[in-house]
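Notes follow once the structure below has been shown.
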Amino acid sequence: MVSFQFGDNDHIVFSIEARYKVGQTYSVVLGCFRQFGLMFVAADERDVIRLRTNYRKDENVYLYRVNAHPEVARRCSSPMSPP
C-alpha cells in the first residue's frame, strides 16, 4: 500500500491485491507466474488501516512515513531530470 497526504489530514491509499479463484490459496511461485488476478484499490487511509487492524487479525500493519517537499518530488518524478 502507498498512501498520499492531501491537505492537513486527508490521505488516499493505493493498494494492489491478488484475487483468488474459489478454492485457490496464495503461492509465491504462482504469483511469480502471474496466476492470480489483480485488483487495484483506492481508498481512504483510515478505512484500509482499520480493516487490517480491526477485522483481519492475522495481518501485521507497519507504517513508515516518508516526507518529501513538493519541489523534490517533482524533480525526482521528471524523466528528464536527475534525482
Partner set under side-chain contact (heavy atoms from CB on, under 4.5 Å) for Tyr55, not counting sequence neighbours: Leu51

Within one Ile-Leu-Val-Met-Phe-Trp-Tyr cluster: Ile16 and Val48, side-chain cutoff 4.5 Å: no

Glu45 versus Val13, closest heavy-atom pair with distance: CA-CG2, 3.4 Å

Geometric class of the Tyr62/Tyr64 ring pair [parallel <30°, tilted 30-60°, perpendicular >60°]: parallel

Cluster link Phe14 to Leu38, ILVMFWY, side chain under 4.5 Å: no

Partner residues of Arg56 under the side-chain hydrogen bond (donor to acceptor under 3.5 Å, both in side chains) criterion, sequence neighbours left out: Glu59

Residues which pass side-chain contact (heavy atoms from CB on, under 4.5 Å) with Thr53, listed by chain and number, not counting sequence neighbours: Ile49, Val61

All side-chain contact (heavy atoms from CB on, under 4.5 Å) counterparts of Gln5, not counting sequence neighbours: His11

Counterpart residues, side-chain hydrogen bond (donor to acceptor under 3.5 Å, both in side chains), relative to Arg46 (two or more places apart): Asp44

Contacts of type side-chain contact (heavy atoms from CB on, under 4.5 Å), residue Val29, not counting sequence neighbours: Ser27, Phe33

